[in-house]
Structures are given as C-alpha cells and as structure tokens.
Asker: 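Sharing a structure with you now.
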Amino acid sequence: MSYYIGLMSGTSLDAIDAALVCFSDQHCELQHHLALPIGEDIRQQALSLLHPGDNELARLCRLDVQLGRLFADAVQALLLQADLDYSAIKAIGSHGQTLRHYPNDKFPTSLQIGDPNIIAEQTGITTVADFRRRDMAAGGQGAPLVPAFHQAMLRDKRYNRVIVNIGGIANITVLAKELNQAVIGFDTGPGNALLDSWAQQHRQQRYDKEGQWAAGGTCHQALLDTLLNDSYFSHPPPKSTGRETFNLQWLEKSLHNFPDLKTQDIQATLLELTVVSIAQAILKYSPNTEQVLICGGGVHNKFLMQRLAAHLPKQAVQSTRSAGIEPDWVEAIAFAWLAKQTLNAQAGNLASVTGARHPLILGGIYPASIPLEPQRHPGQQK
Ligand SMILES: Nc1ncnc2c1ncn2[C@@H]1O[C@H](COP(=O)(O)OP(=O)(O)O)[C@@H](O)[C@H]1O
Ligand SMILES: [Mg+2]
C-alpha cells in the first residue's frame with residue numbers, strides 16, 4: 001500500500017483538483033480530495049497567456065511561480081484535511097496548467113506550468129511533472145494520457161466500455177472486453193470549453209448550470225453542420241486538441257453566416273456539438289459499446305447527459321461512479337497513478353493511443369530534499 005497525491009487543473013481553469021490516493025496491486029482508493037478554487041487574478045493571467053500577447057515570457061515566468069505555490073498550497077491543505085504528515089506520501093503527480101498544446105507543429109510541444117521545484121520544496125514531497133513532452137519526443141501526441149489509467153482501473157472483461165472525460169476538452173478511451181485488443185483513445189473535440197465561454201460572454205456566468213440555458217434553446221442544425229465540418233472531427237486518431245483550436249474565435253468564423261441566431265440557440269447548438277462529436281466518435285471506433293462511463297465536470301450538466309443518452313440509445317450511459325471511481329476525481333487520481341508509474345520505472349503512456357513509437361516512463365522527477373546540514377555562505381557570520 002502506498003499513498004500518492006494527484007494534482008490536476010484542466011483547460012476549464014475552474015479549480016485545482018487534488019486527490020490523495022492509496023494504491024494496492026490493481027486497485028486504487030480515493031482517500032481524500034479537495035478542489036482549490038483558482039482566484040480571478042490567476043485565472044485571468046492564465047487565460048491571457050493562452051494566446052500570443054505582449055510581454056508573454058515575463059508574464060509566463062511569474063505565473064509559473066504563482067501556480068507552483070498554489071499547487072503546493074493545495075497539497076498542504078489536503079494533508080491537513082487527511083491529518084497526514086508529508087512523509088506518508090510517496091510522490092505527487094502534477095499535471096500543471098496547460099498554456100499551449102502543439103502536437104502537430106513542425107516543432108511539436110506542449111507547455112504545462114506550475115513550477116514543480118516549488119511544489120517539491122514547499123511540501124517536502126517528491127514531485128513528478130511535465131508528463132507530456134517525453135511522449136511527444138517519441139513522436140506521440142503527448143495526449144490523452146488518462147487512457148492508460150482507465151485501462152489499468154476500469155477495463156472489465158464482461159463489457160465493452162468507453163470512458164468519456166468531459167472537461168474543457170472531451171476525450172474517450174475505448175476498452176474492449178477482449179483484453180488483447182489495443183486501447184483506442186483520443187480527444188473528440190470541445191467538451192465544456194465553448195459552452196463555458198459562450199455562457200460567460202452572454203450570461204456572465206462561469207458555466208451554464210446543469211445546462212438549463214441550453215435546454216431552453218433550440219439547436220440550429222445548419223450551424224451545427226458547419227461546426228462539425230471542421231476537419232478535426234473526421235481526422236483519424238491519434239489526435240489531440242486544446243483551447244488554442246476550439247475557442248470563441250473558432251466559433252465566430254462560422255457565426256458570420258448566421259447573423260440572426262439567438263444567443264440561447266447558439267448555446268443549445270454548442271451543447272449538441274459536444275454531444276454529437278462524442279457520440280459519433282464512440283459509434284465509429286467502438287460500435288459494440290455496451291457501457292459508456294462519464295467523468296469530468298460535464299457529468300453535472302444534466303441536459304448534456306440527457307442528450308448524450310439520446311444519441312446512444314443502445315448503450316448504458318452512466319457516471320464512472322457505477323464502476324467505483326468518483327467522476328470528478330478521475331483525472332487527479334490518474335495523475336497520482338502516473339507519478340506511481342514513473343517512480344516504479346513503468347510506462348505511463350499507451351503508444352496505441354498517443355502514437356508514440358513505444359511505451360515510455362513519463363515526466364521529470366523533482367526529489368524531496370534530503371535534510372542536509374545547513375551550509376553557511378563563506379561570507380556569513382556564525
Ligand atoms: N452543475 C454543473 N452544470 C453544468 N456544468 C457543470 C456543472 N459543474 C461543472 N460543470 C462543468 O464542468 C467544468 C469543469 O470540469 P472539469 O472536469 O473540472 O474540467 P477541466 O478538466 O477542464 O478543469 C465547468 O467549467 C463546467 O463547464
Ligand atoms: Mg477542472
């Protein structure tokens with residue numbers, strides 16, 4: 001039995017999710033969790049750094065430190081809640097805040113910030129971070145990484161399962177009941193990101209609670225078809241995406257052709273876009289799916305869940321809770337697991353998912369400091 005902490009802050013920029021997980025053999029148990037809200041100042045700084053702008057590098061360096069401290073604060077709050085000493089934790093797996101994800105560039109890279117040096121130093125716990133770029137160095141997309149965890153914890157030889165994570169971006173993992181079949185996994189496109197951005201712009205709300213606003217609108221089929229025409233949706237995997245692709249500027253390009261649409265109908269259309277892109281991906285890459293297990297914040301959007309179930313009438317659509325893992329914490333638990341894999345010198349990626357040339361030990365390890373005799377600088381007085 002060993003304890004790990006996973007830290008996740010996704011593209012929604014809503015909160016830092018921290019999960020304290022106990023692993024034994026093929027099993028994981030979520031012991032404690034907390035979501036540390038991201039303050040408006042840091043959130044705005046991160047949002048502004050998602051796109052090129054003035055003085056980017058200096059702003060990035062500053063935010064790297066601020067987020068590093070915030071991640072460490074989240075760990076310390078979690079330990080307090082759990083009444084555990086830092087020495088009980090083997091390692092922290094920190095995803096970091098993604099600012100750029102360029103998997104298909106001539107110079108492919110992905111940037112996650114929140115300095116792990118600070119996390120290791122402030123908490124006294126070995127920290128693993130920068131999980132994506134090793135996969136990219138081996139020709140992979142660097143994403144999605146959670147499918148390896150889904151395979152380890154959620155594969156079931158009785159059912160053909162698909163795990164759907166609906167964060168800012170949505171991704172699926174196909175887990176066939178025949179255990180020798182390679183796992184398929186990829187980002188399907190937008191999850192909540194466009195829904196959130198549109199609700200923020202027109203309703204001054206962080207998100208459309210339970211999808212109520214969208215539910216009162218009408219999906220506009222011609223706009224939906226235009227949006228679905230984006231080549232990302234038909235492109236075969238491996239593939240991954242981010243907010244640098246699916247954002248309001250991307251939407252505006254299509255909206256020019258539909259100037260008279262009501263904002264509420266656009267919200268309904270965006271919700272349908274998320275639903276249809278997920279459902280089509282499932283039916284195309286796993287037509288015999290029996291169970292669809294949902295995790296990520298999208299699970300709380302009642303209307304989105306209803307629409308997804310309507311598009312997948314032959315499948316049981318339910319939350320990952322039904323398979324024993326709380327849907328809000330799957331990603332944070334996955335990064336705790338990824339840290340464990342790295343410390344045990346085991347692979348964290350699935351080459352069949354990311355397209356990397358081979359399985360890899362992911363991430364950089366930032367060791368907890370060994371208590372040393374304090375050393376005086378030669379100029380320092382005794
Ligand atoms: N009650 C709710 N109703 C509708 N949407 C919700 C609700 N709760 C959470 N969400 C959605 O989930 C998002 C957060 O999901 P999360 O999985 O944390 O994403 P990320 O991994 O990108 O941070 C919110 O921004 C919001 O869109
Ligand atoms: Mg989140």
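Atoms within each ligand, like the ligands themselves, are counted from 1 in listed order.
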Asker: Taking heavy atoms and a distance under 4.0 Å, where does E331 meet ligand 1: side chain, backbone, both or neither?
Answerer: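 Contact part for E331 vs ligand 1: side chain (C-beta onward).
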
Asker: Counting non-hydrogen protein atoms only, what is the nearest one to atom 10 (N) of ligand 1? Give residue, atom name and distance.
Answerer: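 Ranking protein heavy atoms by distance from atom 10 (N) of ligand 1, first comes G297 O, 3.3 Å.
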
Asker: At what distance is the nearest protein heavy atom to atom 18 (O) of ligand 1, and which residue and atom is it?
Answerer: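 Nearest neighbour among protein heavy atoms for atom 18 (O) of ligand 1, to 0.1 Å: D14 OD2, 3.1 Å.
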
Asker: Do D328 and H300 have side-chain N/O donor and acceptor atoms under 3.5 Å apart?
Answerer: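 Yes.
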
Asker: Between G167 and ligand 1, is there a nitrogen or oxygen pair with a distance under 3.5 Å?
Answerer: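 For ligand 1, there is no N or O atom that lies under 3.5 Å from one belonging to G167.
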
Asker: May I ask you to identify the nearest protein heavy atom to atom 25 (O) of ligand 1, giving residue, atom name and distance to one decimal place in Å?
Answerer: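 In this structure, atom 25 (O) of ligand 1 has D196 OD2, 2.6 Å as its nearest protein heavy atom.
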
Asker: Once you round to the nearest 0.5 Å, how far does CZ of F149 lie from SG of C28?
Answerer: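 Interatomic distance, F149 CZ to C28 SG, rounded to 0.5 Å: 4.5 Å.
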
Asker: Between the side chains of D156 and K177, is the shortest nitrogen-to-carboxylate-oxygen separation below 4.0 Å, so that they form an ion pair?
Answerer: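 Looking at D156 together with K177, the answer is no, because their closest N to O distance does not fall below 4.0 Å.
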
Asker: Identify the protein heavy atom lying closest to atom 5 (N) of ligand 1, giving its residue, its atom name and the separation to 0.1 Å.
Answerer: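 Heavy-atom neighbour on the protein nearest atom 5 (N) of ligand 1: Y207 CD1, 3.6 Å.
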
Asker: Just how far is it from atom OG1 of T218 to atom CD of E272, taken to the nearest 0.5 Å?
Answerer: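 Between T218 OG1 and E272 CD, I get 11.0 Å after rounding to 0.5 Å.
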
Asker: Determine, using the 4.5 Å side-chain heavy-atom cutoff (strictly less than), whether L175 and L312 are members of one ILVMFWY cluster.
Answerer: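 No, separate clusters.
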
Asker: Ignoring hydrogens and angles, state whether a donor on the side chain of T269 or H220 is under 3.5 Å from an acceptor on the partner side chain.
Answerer: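 The answer is no; no qualifying pair exists.
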
Asker: Within 2.8 Å of the Mg ion (ligand 2), is there any N, O or S atom belonging to D14?
Answerer: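 Checking D14: at least one N, O or S atom is under 2.8 Å.
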
Asker: Got the closest protein heavy atom to atom 19 (O) of ligand 1, with its distance?
Answerer: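 Of every protein heavy atom, S12 OG, 3.0 Å lies nearest to atom 19 (O) of ligand 1.
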
